[in-house]
Student: 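Supplied in structure tokens, the structure appears directly below.
What you see below is based on every heavy atom in this structure, not just the backbone, and it leaves out hydrogens, waters and symmetry mates. All chains are named by letter (A, B, ...) in the order of the sequence lines, taking the proteins before the strands, and each is independently numbered beginning at 1.
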Amino acid sequence: MDALDILFSASLWAAAIRIASPLIFATLGELISERAGVLNLGIEGIMTVGAFAGWFTVYQGGDLWLGVVAAALAGSAFGLLHAMLVVPLGLSQHVTGIGITLFAASLTYYTYRLAFPEVTSPPKIEPFAPWPVPVLSDIPFLGEALFRQTPLTYLAFIAAGLVGWFLYRTPAGLAVRTAGENPAAVEAQGIDVTRVRIMAVVAGSALMGIGGAFLTLSAFNSFYFEMVNGRGWIAIALVVFGSWRPGKALLGALLFAAFDAYQLRLQQLAGIFVPYQIFLMLPYALSILALILMSRRASYPRALMIPYRKGER
Amino acid sequence: MTDTVLHLDRISKRFGALLANDAISFAVGRGEIVALLGENGAGKTTLMNILFGHYVADDGSISVFGKPLPAGQPHAAIAAGVGMVHQHFTLADNLTVLDNIMLGTEKLWRPAARKAQARQRLTRLAQDFGLAIEPDRTVAALSVGERQRVEILKALYREARILILDEPTAVLTPQESQSLFATLKKLTAQGLSIIFISHKLNEVLSVSDRILVLRAGKLVAERKTRETNRQELAELMVGRPIAEPKVEPQPCGEVHIEIRSVTTSDGLDQASLTLHGGEIMGLAGVSGNGQTALANLLSGLSRQASGSLHIFGQDAGNWTPDRMTIERIARIPEDRHAEGLIADMSVTENVIAELYRDPSLNRHGFLDWGKAHEFAKAIIKRFEVKCPSPQARVRLLSGGNMQKLILGRTLSLDPRFILACQPARGLDIGAVTYVHQRLLAARKAQASVLLISDDLDEILALADRIAVIYRGRISAPEPRKAVTIKELGLKMAGHGFGEGEAHAA
């Protein structure tokens, strides 16, 4: 098997889609928040919280789907904290976001240690099993790549469609987009900007929480320290890469995941000796390149990171 | 007045120590255009924000179509048929016209917006009122006049019967203003009532039926437009007699500035212009026709690609902005917030911005802050800048005082040439008069002044000679007495700028 053959193996694309799933949730969450004008750098920590909350719920005997709900709720709780600090109080969104990330992640690890003071090898749960879609999963190649995934992966794609519909087809989505462009316009129509922004951040954080939970409930079967591993930061880059559009962001997530899956397989190729770190670096280097090419002309939400205070110009 | 559609009863609003509105009462009738006239800070905008529910009045009540309007709820005001076009447009640039108009017109939790229906209604409205607009263009691609049209359509879409326009012409060209006025007449013909907020006398006189004058929070006068005039309104507004600037004839001196068929990459196209000492040259034109390019050229910010520039008899083609300052060329930039001042720095720091390298302000290579503060204090005193202290941040000053500060900074250096770009933009009458007097005083001291303005009244009041700039070309200047507004308007629209003529000039 050489480097080119890998590209045409269904297992590569199945893996890409699996790897993309948490990124899709997280990117959609960040996208909603930024579309309303709020940068949420708490994403990395919120994903950690979601990963733990989902896994712990299941570990305590909860249903897997209850775990997903718990992850969403835990994520939105930290989202609410971020929103309260940056929307009504107007604090710096960068600084607050980084604070939320540090706080949420540390609190998670602390809780983990409280719950499991003695364990050395992480306790396991029974994660989501792949659910082949009837009929579709029998299609050669495509079936294996797309339709033998876990339910959470399907949910990620459904979520992308729903977020797109919400932003572009509903009156509430229009209010969110306008809040990120010119909050005064929202206020002038008698809609409360503060409320719109808070709700967008909270909803986005719920998605980030689910993204984190994907790792513990679907990709792996236990909770590790540092398991989110920069996926939140990647999601922030993917939002820019996708020019703040759900469809393009979804493509970006898939592209990144494909690189990641590809490099994992390249590492195993017998051949010339290259340090494996080079392969690890590949997806990140390529995403920087893609960012440069794709997003130079992206029009970002005009009011992104600008706090809104009533009556001020 | 037959049917009263809006009635304000003893509205008062206090901000700390400032009484912004003091028991203001008035009524508006159906199909009437009422102008609310007053200087900046007279309380016009506060009053309208109360009417629209952005603020809650401390006292008084409002009724619309005979029903009391609940205070502090923009929703209620919109539902009662009040529409507001803000001075700063409340549009989202990256969204389409249709999106902007639809925002807030449907229940937020509808699963899908009714776009097709909305588009149809918008198109019909646009036709009915003669406000042509393309629903699918993004607002960012529209001109300022078109954006205002969107704002008006937004109000009409919400079935506004009373339309409030806050300083609607502040950002419009004269042509756009004229088309706005025509639109307003069309609206009132269909039974809408309009409140037109402005501090520009000519506009108020040409568009309104009735004029209410506000001064320092009080309603000081009410006049039928037919029965009043410019002079009376100006005095009512300011509260004291106003002297219109008098331009005394004087012979002009030697040539100061000589631009010879200069072309620049940022917009001048074989432009030529000569200025003499002791002369004010008015440059009229619709904004965006090369005024900025000319200002950049004359302040050393850009270079000519071809042609030549002579200042005070020397070749100034490669002068830097620093050299320009040394040669005593004063600049009053077009946008005082963006280019004129640094809002978060102190008055002193702003005042010495062009001078800080001057030996008089330095000691052993360090800035002498004592002297700098003295210099600032002298300017504050001489130019009557109202500010708490030289250490105050410029952000805290009013627009008029910011402009006085800029004037002070440039005029205190005893300039030989003054480049005045829109020097009176956004200022109230008192401040405008002040600025004009200072420019005339400089003229008397044999300085040359290039007055770039899109306000024809200003140019006709001050300039000795008038030229028009159009697409980077400058018409041959004519003495003020020899031109009419109509001729200028035609030139501003490009008449007389044919290929051959421009080269000949």
Student: Looking at B:P74 and A:G190, what are the two nearest heavy atoms and their distance?
Tutor: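 Of all heavy-atom pairs spanning B:P74 and A:G190, the closest is CB-CA, 3.9 Å.
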
Student: Find the one option among B:D99, B:I78, B:T105 whose heavy-atom pairs under 4.5 Å with chain A are most numerous.
Tutor: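 Of the candidates given, the most pairs with chain A belong to B:D99.
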
Student: Decide yes or no for A:T170 and B:R110: does some side-chain heavy atom of the first lie under 4.5 Å from some side-chain heavy atom of the second?
Tutor: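 Not in contact.
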
Student: Minimum heavy-atom separation for A:M199 and B:W109, please, with both atom names.
Tutor: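 Closest pair (atom of A:M199, atom of B:W109, distance): CE-CZ2, 3.8 Å.
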
Student: Tell me, for A:F166 versus chain B, whether the close heavy atoms (under 4.5 Å) come from the side chain, the backbone, both or neither.
Tutor: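 The side chain, not the backbone.
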
Student: Output the distance between atom CG (B:L108) and atom CD1 (A:I191), rounded to the nearest 0.5 Å.
Tutor: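 Answer rounded to 0.5 Å: 5.0 Å.
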
Student: Which pair of heavy atoms, one from A:W165 and one from B:P111, lies closest together, and at what distance?
Tutor: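 What the structure gives for the nearest pair is NE1-O, 2.8 Å.
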
Student: Roughly how far, to the nearest 0.5 Å, is CG of B:N100 from OG1 of A:T178?
Tutor: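 It is 6.5 Å, given to the nearest 0.5 Å.
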
Student: Using heavy-atom distances under 4.5 Å, tell me whether A:V196 contacts chain B through its side chain, its backbone, both, or neither.
Tutor: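 No part of it gets close to chain B.
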
Student: Working to the nearest 0.5 angstrom, can you tell me the gap between A:E181 CD and B:L91 CG?
Tutor: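 Going from CD on A:E181 over to CG on B:L91, the span is 11.0 Å.
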
Student: Against chain B, label A:L174 side chain, backbone, both or neither, depending on which of its atoms sit under 4.5 Å from a heavy atom there.
Tutor: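 Backbone plus side chain of A:L174, per the 4.5 Å heavy-atom cut-off to chain B.
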
Student: Count the heavy-atom pairs under 4.5 Å between each of A:A188, A:G173, A:P301, A:A303 and chain B, then report the option with the highest count.
Tutor: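 Heavy-atom pairs under 4.5 Å are most numerous for A:A188.
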
Student: Are there more than 12 heavy atoms of other residues, nucleotides or ligands under 6.0 Å from atom CZ of A:R195?
Tutor: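 Not buried by this count: 12 neighbours or fewer within 6.0 Å.
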
Student: Under 4.5 Å heavy-atom distance to chain A, tell me which part of B:R158 shows up: side chain, backbone, both or neither.
Tutor: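 Contact with chain A involves the side chain of B:R158 alone.
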
Student: Please classify the contact of B:K154 with chain A as side chain, backbone, both or neither, using a heavy-atom distance under 4.5 Å.
Tutor: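 For B:K154, side-chain heavy atoms alone lie under 4.5 Å from chain A.
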
Student: Can B:L103 and A:V186 be said to form a side chain to side chain contact (heavy atoms under 4.5 Å, CB included), step by step?
Tutor: CA-CA 7 Å; B:L103 173 70; A:V186 177; 4.1 Å; yes

